[in-house]
Amino acid sequence: EAKSWSIEEVTKRLDVLIYLFLKQNQEKGITTRQTIKELNDIGLKDFEIAKILGRSRSYIASELTQLRKSSKDREESVQNE
């Protein structure tokens with residue numbers, strides 16, 4: 001008989017798979033900040049990224065703020081050239 005899984009159980013398993021995939025990326029030299037950017041780019045919220053990476057929501061929010069600031073600075077630099 002097949003087991004019926006709850007949404008919470010499925011979510012937990014998916015979080016583990018994402019975490020393992022991201023660990024492999026870190027071994028390839030991809031930084032945590034790059035990982036946060038990629039997860040945010042695909043539509044995950046800061047609290048979801050925090051849960052997956054095992055970091056605090058405030059840490060993720062801070063990194064996202066720095067990424068946005070860096071991106072804005074680059075755009076302004078290109079416009080001024």
Legend entry - Residue pairs passing the side chain to side chain donor-acceptor pair (under 3.5 Å) test where at least one lies in residues 19-31, sequence neighbours excluded: Gln26-Thr32, Thr31-Gln34
Legend entry - Tyr59 and Ile36, any side-chain heavy atoms less than 4.5 Å apart: yes
Inset, instruction - Dump the intermediate steps for side-chain contact (heavy atoms from CB on, under 4.5 Å) on Thr11 and Lys51, then the final yes or no. - result: CA-CA 11 Å; Thr11 300; Lys51 182 178 175 190; 4.2 Å; yes
Inset, instruction - Go through the steps to decide whether Ile52 and Leu44 satisfy the test side-chain contact (heavy atoms from CB on, under 4.5 Å), and finish with yes or no. - result: CA-CA 10 Å; Ile52 290 168; Leu44 292 179; 3.8 Å; yes
Legend entry - Path from Leu64 to Ile42 over hydrophobic side-chain contacts below 4.5 Å: yes
Inset, instruction - Verify the neighbour count for atom CG of Leu20: are there more than 12 heavy atoms of other residues, nucleotides or ligands below 6.0 Å? - result: yes
Inset, instruction - Heavy atoms only: give me the nearest Trp5-Glu9 pair and the separation to one decimal. - result: CA-OE1, 3.3 Å
Legend entry - Any donor-acceptor pair under 3.5 Å from Thr65 side chain to Ala61 backbone: yes
Inset, instruction - Enter the distance from Leu39:CG to Leu53:CG here, rounded to the nearest 0.5 Å. - result: 6.0 Å
Inset, instruction - For Lys45 and Glu48, work out which heavy atoms get closest and say how close. - result: N-OE1, 2.6 Å
Inset, instruction - Working to the nearest 0.5 Å, report the span between NZ of Lys12 and CG of Asp15. - result: 10.0 Å
Legend entry - Sub-4.5 Å side-chain heavy-atom contact between Arg68 and Asn40: yes
Inset, instruction - Would you indicate whether the side-chain heavy atoms of Arg33 and Gln66 approach each other to under 4.5 Å? - result: yes
